[in-house]
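Worksheet: the structure to be examined is printed underneath.
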Number of protein chains: 8
Amino acid sequence: RRKGFPEVIFGSGKTADQIVELFKRLMTQHKIILATRVSKDKAAAVRQSLPELSYDHTARILYYADKPLEPRTKGAIGILCAGTADLPVAEEAALTALAMGNRVKRFYDVGVAGIHRLFHHLEQIKQCRVLIVIAGMEGALPSVVGGLVHQPVIAVPTSVGYGAHFNGLAPLLTMLNSCSSGVTVVNIDNGFGAAYSASLINQLGEE
Amino acid sequence: RRKGFPEVIFGSGKTADQIVELFKRLMTQHKIILATRVSKDKAAAVRQSLPELSYDHTARILYYADKPLEPRTKGAIGILCAGTADLPVAEEAALTALAMGNRVKRFYDVGVAGIHRLFHHLEQIKQCRVLIVIAGMEGALPSVVGGLVHQPVIAVPTSVGYGAHFNGLAPLLTMLNSCSSGVTVVNIDNGFGAAYSASLINQLGEE
Amino acid sequence: RRKGFPEVIFGSGKTADQIVELFKRLMTQHKIILATRVSKDKAAAVRQSLPELSYDHTARILYYADKPLEPRTKGAIGILCAGTADLPVAEEAALTALAMGNRVKRFYDVGVAGIHRLFHHLEQIKQCRVLIVIAGMEGALPSVVGGLVHQPVIAVPTSVGYGAHFNGLAPLLTMLNSCSSGVTVVNIDNGFGAAYSASLINQLGEE
Amino acid sequence: RRKGFPEVIFGSGKTADQIVELFKRLMTQHKIILATRVSKDKAAAVRQSLPELSYDHTARILYYADKPLEPRTKGAIGILCAGTADLPVAEEAALTALAMGNRVKRFYDVGVAGIHRLFHHLEQIKQCRVLIVIAGMEGALPSVVGGLVHQPVIAVPTSVGYGAHFNGLAPLLTMLNSCSSGVTVVNIDNGFGAAYSASLINQLGEE
Amino acid sequence: RRKGFPEVIFGSGKTADQIVELFKRLMTQHKIILATRVSKDKAAAVRQSLPELSYDHTARILYYADKPLEPRTKGAIGILCAGTADLPVAEEAALTALAMGNRVKRFYDVGVAGIHRLFHHLEQIKQCRVLIVIAGMEGALPSVVGGLVHQPVIAVPTSVGYGAHFNGLAPLLTMLNSCSSGVTVVNIDNGFGAAYSASLINQLGEE
Amino acid sequence: RRKGFPEVIFGSGKTADQIVELFKRLMTQHKIILATRVSKDKAAAVRQSLPELSYDHTARILYYADKPLEPRTKGAIGILCAGTADLPVAEEAALTALAMGNRVKRFYDVGVAGIHRLFHHLEQIKQCRVLIVIAGMEGALPSVVGGLVHQPVIAVPTSVGYGAHFNGLAPLLTMLNSCSSGVTVVNIDNGFGAAYSASLINQLGEE
Amino acid sequence: RRKGFPEVIFGSGKTADQIVELFKRLMTQHKIILATRVSKDKAAAVRQSLPELSYDHTARILYYADKPLEPRTKGAIGILCAGTADLPVAEEAALTALAMGNRVKRFYDVGVAGIHRLFHHLEQIKQCRVLIVIAGMEGALPSVVGGLVHQPVIAVPTSVGYGAHFNGLAPLLTMLNSCSSGVTVVNIDNGFGAAYSASLINQLGEE
Amino acid sequence: RRKGFPEVIFGSGKTADQIVELFKRLMTQHKIILATRVSKDKAAAVRQSLPELSYDHTARILYYADKPLEPRTKGAIGILCAGTADLPVAEEAALTALAMGNRVKRFYDVGVAGIHRLFHHLEQIKQCRVLIVIAGMEGALPSVVGGLVHQPVIAVPTSVGYGAHFNGLAPLLTMLNSCSSGVTVVNIDNGFGAAYSASLINQLGEE
Ligand SMILES: Nc1ncnc2c1ncn2[C@@H]1O[C@H](COP(=O)(O)O)[C@@H](O)[C@H]1O
Ligand SMILES: Nc1ncnc2c1ncn2[C@@H]1O[C@H](COP(=O)(O)O)[C@@H](O)[C@H]1O
Ligand SMILES: Nc1ncnc2c1ncn2[C@@H]1O[C@H](COP(=O)(O)O)[C@@H](O)[C@H]1O
Ligand SMILES: Nc1ncnc2c1ncn2[C@@H]1O[C@H](COP(=O)(O)O)[C@@H](O)[C@H]1O
Ligand SMILES: [Mg+2]
Ligand SMILES: [Mg+2]
Ligand SMILES: [Mg+2]
Ligand SMILES: [Mg+2]
Ligand SMILES: [Mg+2]
Ligand SMILES: [Mg+2]
Ligand SMILES: [Mg+2]
Ligand SMILES: [Mg+2]
């Protein structure tokens, strides 16, 4: 892993004990360490042993940072979604992006069903260097955004929906078939992966 | 079938001979008869026997009408799609709607990738009584339209696309999961069915 | 959203606290507010803070109305299903329709396995202006009804079934492939969406 | 194979030469031999070598019989379908049933979209000993029939349809989830298999 | 429903109270009433109100019978499966068959992995009039049995398996594609439906 | 690639010219070169330029060998299938195995529907060191064979079937869920891959 | 569309006449115009009317450029794939990238089955600013590359494969589930879309 | 089952009582008995009755052995995976292999994302006689390993992943489509089956 990058633990399916042990081992060598997909209870258990860790409830990320997280980039990563249901994924992306040193701008009320709000924020959105566009239900937002902007768009389908949604399959297919150019896609609910790629892209504009 | 309704033959998988025979039988009793999904060649073969039939190349509909088709309704059915690829489905809907006596308004360049054109036509679109919104690729258009208007929207996914489109499955799922209210869905490429339902709805406003 | 329309909260995946806050914000501006997909326990928790809300156990809808809900339309929305298993979806539709001002007629014992009951009610069913037809298992009811009536039919597949039912996929496909014309489809278990579209259609007949 | 049973060749994917050879070998020992799924052209090629074979165009069956096929049973197998599109499957079933010695009654215009025709024939249908019910599109017919009769019903989904039909998957799932009891299912388009099982059942009533 | 047939309640998704009420209503008119898919706890709750009901733990059937269940047929329904995992489905079939008056013969250790046991019982199996063959995992048993016997075989896939089993999809497809003739299929885990059809068939041999 | 191994070209989707060029390049360094999935016409075109190549019609393999192919192993690879439809896959396996120096024994009439033939050959089958078991339709053969023998079994599903076969998905799932131990699986129609692995295994017994 | 960007026509499903007309209209205003997915024959037909167009056989792109295409960027887009089967997709990406002004470096023999070639080119690969990694079959290459480099990786699954490949579904899922960070995905065979996004990213490094 | 082979119980879906009874019956005749898929709690319950059984927490195997398990083979089975998430499957394989008398070598940190560790162990891996390669997420490891070694590779997809992983479907398809030769596949999470086949293969090298 590149120097200066945070170290990341995939918390899902690991016990609190295993996570404690991983943090202990990594804390000797790394300045920022994230554990994603950590439930509230598991986080509390880990923090009994390691009270220096911070926990973000919405992002479900437990993390260690040797000093407060601060953006180092001029360019910003814009994160767009329609509302509360997608917040966990959006904040997983936001905190990951911040931990990688990026400025982050949040646009969390720009769903397709109320498209005027998207237009309301459009100028600000266009000033970001790269966009992460998150959507559950039918997942149409990245297509709409991609048609309006010239930035690279990373689309994240979420598992928010029911019935013929098939736990995120519907918006995943929507995004893969986007008729707007400039849209690439990551796995369902993968806010972390979107932020990681967005960070690599944002850094290119800094150099 | 209700008096005054056109009689409809599903042409796919029937031979020219079978279609000739069906028309002959039905022409003794009906004033308008449509055969949908009839290829150019099959239509030509049928018209050798029945030169009084008309054929619409784009809609792939072969039809008999005892007098020229004319709209009888005040209210209009609006038909929206993004462009040439969806024309066969859009025109199948348009001709079916006309054959059922409806005024039809076409908006055929309003795709999600160039959303300003949709806004350009919005006032006219809002004056229709019911909308048929057709889309292939990711199928996001009905969600966008549904969020902007108060008319009933009938969404038609098309088989236009490739790869993870799975011959229309992608836009079908998109439309079923629409986050805009007021959207109902018909089968992939089913312009006929959309127009049939739209006509029933449009008639309600005439009474 | 059109003036006079109820405001609607999708309750699934929101905490009681989030729902309380949303109601509080919306109650300053709206006369009718529905929260769908609210469990009994969550409803009780919300009503601790907001005792003026009503809760319908079967429909799983928590709602605010500044005065008792009453139908304002002459035309009725008919709601058809086969029996107790589909009641939650049917009542979600019924209460949504009522909240939007529609007269509602219920036909809740008209399954395909005992088709004589459907014929028994047929005249009454035909007097409705638009029909919502709900079915789990194989989902054949909308096809049968669609073949017998001339009203627009909105078909709702439900997740009631097992094995090769795949949580509603089976009746969803059935309804999308209906050989009866005049049938459009909404997402699995989406009683709300069916009622919303049915209401738009029913209003057309009022004007 | 039981004595007196016809021998059967699955013709699909075999060359005319291979079919000729198989018939020649079997004709030394069997009185009735069927080859199913044989196209018109392939049948003609085979009959160049073996002019004593008969070919049924609709059923796509090429067969040898040492004397004219005649029913030997008192009880009849009823075969039901909605119309011309399903005829190849229906006739594959009918000819197989006849070749196994069964009386066959055809009811070929009893689709769900025009359910009165089903009721029109119902008394005759009830006099059959076992029923084969064939349907494409949404495949609702076996559920409707199963709810009206007390005979064993063998349901055959067909590949007739488009879009979300997925080449027969839709009616297959419909039939497997039938809410009427007494319905069992065979593979898509498997008229032969339905007739084979129906014949075994019909024979039980003869003994 | 035919006179003398048991009345059947689908217990899954019904509350104990609803089941009590249904039994009470039906017990005034019917001599045998089955409720399938009733868990141990739900059965106990129902029997608090209705102690005259019997409960079969393995079959998960709660039932009322005015006198002890006894076979009335000469011919037997053979029920075959590989072992303990499939017992609930096998016994749902067995008790349903008995309640419909059929003699039942159980062959519960005849899996494909130890095929000699199938051969060991083959003569007895061949003396049954109709066979229900139940299998999870890869579901190969009905094909093997169908190739060895001349009775109608009703195949029941079960949800026993993991991974690429997809909760019964694997054996369902296996059975639908059986290369042995005389095999028809019911829904995954549908022991009830298999027995219902088998009973209709077995009765034919009695007449 | 290990010394002495044949070089292999995947012929599907390559033009005759591309295949000629590949052979020419490889023939300077390799003693045996196979091109799999080469149609009859394409093979003829290649052999115009390279008449020293041999072509096996059934296996659809075009190959170069500096001297006649001969088995070098004591142990044999047994190849089992049900009949003519699976021959192309079986022979692709057989020729690949031979080209890799293995003795091959063919058992090509041992389908599940006529299981006595399998027992007839069982002793010979048990003398092979490793078995390739090929099946289309429901794909039950590897489970049956695996339950009878102690050799490693490599199962190959084929695309032979229709309807709910889904081009080989049905037997693929069957084989992955085999209740017999000692069975591993390769891709649909992948006779080449099965033979390659079988050869690696057979060689272990030679050393 | 951003000034200086090429205009793009999706050629699939359009007739030669329609493509001619589109080019004519666009050539009055644009300096570079691409039509993707144009077959050899269709290209020839278009060039009868418009001989000034160029056609790239491998990329299947027909294009107009007012002067020879030349890279304008310092940074390069690296395009990686395993071999000839994926060339059409790779060259669709390469030509699109060039048309958008990017330097392109090709690495076309770096499949997972011969991983040493990937290592051989690794230093050169690492000097590119962004990578497009194309793979059919199991689609493992982007994961391997992503684990070795720090550039953004855009993964393109291709439809090259058979059986359980399901026309590209297999590598699509592989890429969406990549355990390497920094990988985003586009639709199956979408070389155009990958290049479009890669170009947006590459430009960021120029500024 | 071959003499000397352990007897195996599939523990999933069996009660502690049923497992006790099965062990008791088998312990009179067998020297080694494994019960796979036994949870910690169920194991504890069984061991109350049968304290002589051992339980491996990671492998979730409860077993009886008349003397300590020891490898008897010269050749080793190598077991490869990427890390902790796949340990249960890896250890199910390892303990099964040991119980069948095989030497086992573990390589548990060789994931595709950090491919240098795979190269680090490559010489040792190549000294094993047969390899079991386990992977969740995208499942690319068996392709990479298969391209580097000449041993038979048995690939095991695991259910470790999320979103478009579909509980193991993604790596299962990856492995079936492997572009490296010499790879065969078992069911998702089937460590037992992989070890069983690997043991059969490893024994061949002993003889
Ligand atoms: N393109 C179409 N898509 C769906 N349904 C159709 C189409 N065209 C006709 N139909 C329906 O098919 C019926 C006629 O079917 P048939 O009797 O097979 O010709 C009509 O009554 C219509 O309801
Ligand atoms: N286990 C079962 N699987 C499938 N259908 C069943 C089952 N048990 C009962 N049924 C059917 O369900 C009907 C009763 O459904 P309900 O009125 O919902 O209780 C009965 O007439 C049976 O046809
Ligand atoms: N029929 C086949 N199925 C699967 N893989 C094959 C087949 N034939 C050849 N291969 C593999 O494809 C590789 C050659 O691919 P290519 O370089 O595209 O010709 C060989 O090394 C084999 O491993
Ligand atoms: N091969 C391709 N795959 C995906 N999208 C494409 C492709 N080629 C062109 N497009 C997109 O299709 C649009 C043009 O579509 P159309 O107006 O139908 O020709 C372009 O603006 C591109 O964004
Ligand atoms: Mg854009
Ligand atoms: Mg709206
Ligand atoms: Mg109707
Ligand atoms: Mg019945
Ligand atoms: Mg049989
Ligand atoms: Mg074995
Ligand atoms: Mg990387
Ligand atoms: Mg290898």
Side-chain angles (χ1 to χ4, degrees), chain E residues 81-86 109-120 122 133-150 153 155 157-185 187-188, chain F residues 81-86 109-119 122 133-150 153 155 157-188:
Chain E
C81 72
T84 50
D86 295 330
D109 62 341
V110 294
V112 161
I115 210 166
H116 56 279
R117 283 190 293 264
L118 176 63
F119 285 97
H120 181 75
L122 196 54
V133 184
I134 297 162
M137 304 299 281
E138 87 276 64
L141 189 59
S143 292
V144 174
V145 172
L148 292 168
V149 307
H150 296 298
V153 168
T158 75
S159 53
V160 173
Y162 65 92
H165 191 265
F166 300 122
N167 303 312
L169 179 63
L172 173 64
L173 295 184
T174 305
M175 293 172 186
L176 287 166
N177 286 285
S178 176
C179 59
S180 299
S181 303
V183 177
T184 62
V185 186
N187 197 4
I188 298 162
Chain F
C81 72
T84 50
D86 294 330
D109 62 342
V110 293
V112 161
I115 211 166
H116 57 278
R117 284 189 293 263
L118 177 63
F119 284 98
L122 195 55
V133 184
I134 297 163
M137 304 299 280
E138 87 276 65
L141 190 59
S143 292
V144 173
V145 171
L148 292 169
V149 307
H150 297 298
V153 169
T158 76
S159 52
V160 173
Y162 66 91
H165 191 264
F166 300 121
N167 304 312
L169 180 64
L172 173 64
L173 295 185
T174 305
M175 292 171 187
L176 287 167
N177 286 285
S178 174
C179 60
S180 299
S181 302
V183 177
T184 62
V185 186
V186 297
N187 196 4
I188 298 162

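Owing to the predicted nature of the structure, the values given are computational and were not obtained by experimental measurement. Here is the naming used below: chain letters follow the sequence lines, and residue numbers restart at 1 for every chain.
Between C179(F) and A113(E), the shortest heavy-atom distance links the atoms O-CB, 3.9 Å. Closest heavy-atom contact between L176(F) and A164(E): CD1-CB, 4.1 Å.
Contacts between F166(E) and chain F at a heavy-atom distance below 4.5 Å involve the side chain alone, from C-beta outward. Using a 4.5 Å cut-off between heavy atoms, L141(E) does not touch chain F at all.
The most heavy-atom pairs under 4.5 Å with chain E, out of A140(F), S143(F), G114(F), G139(F), come from S143(F).
Other residues, nucleotides and ligands contribute more than 12 heavy atoms inside 6.0 Å of the CG atom of D109(E).
Here the OG1 atom belonging to T174(F) is positioned 10.0 Å from the NE2 atom belonging to H165(E), to the nearest 0.5 angstrom. With values rounded to the nearest 0.5 angstrom, L172(F) atom CG is found 10.5 Å from L173(E) atom CG.
N177(F) places no side-chain N or O within 3.5 Å of a backbone atom of A170(E) that could act as its donor or acceptor partner.
Residues S178(F) and M137(E) fail the side-chain proximity criterion, which asks for heavy atoms closer than 4.5 Å.
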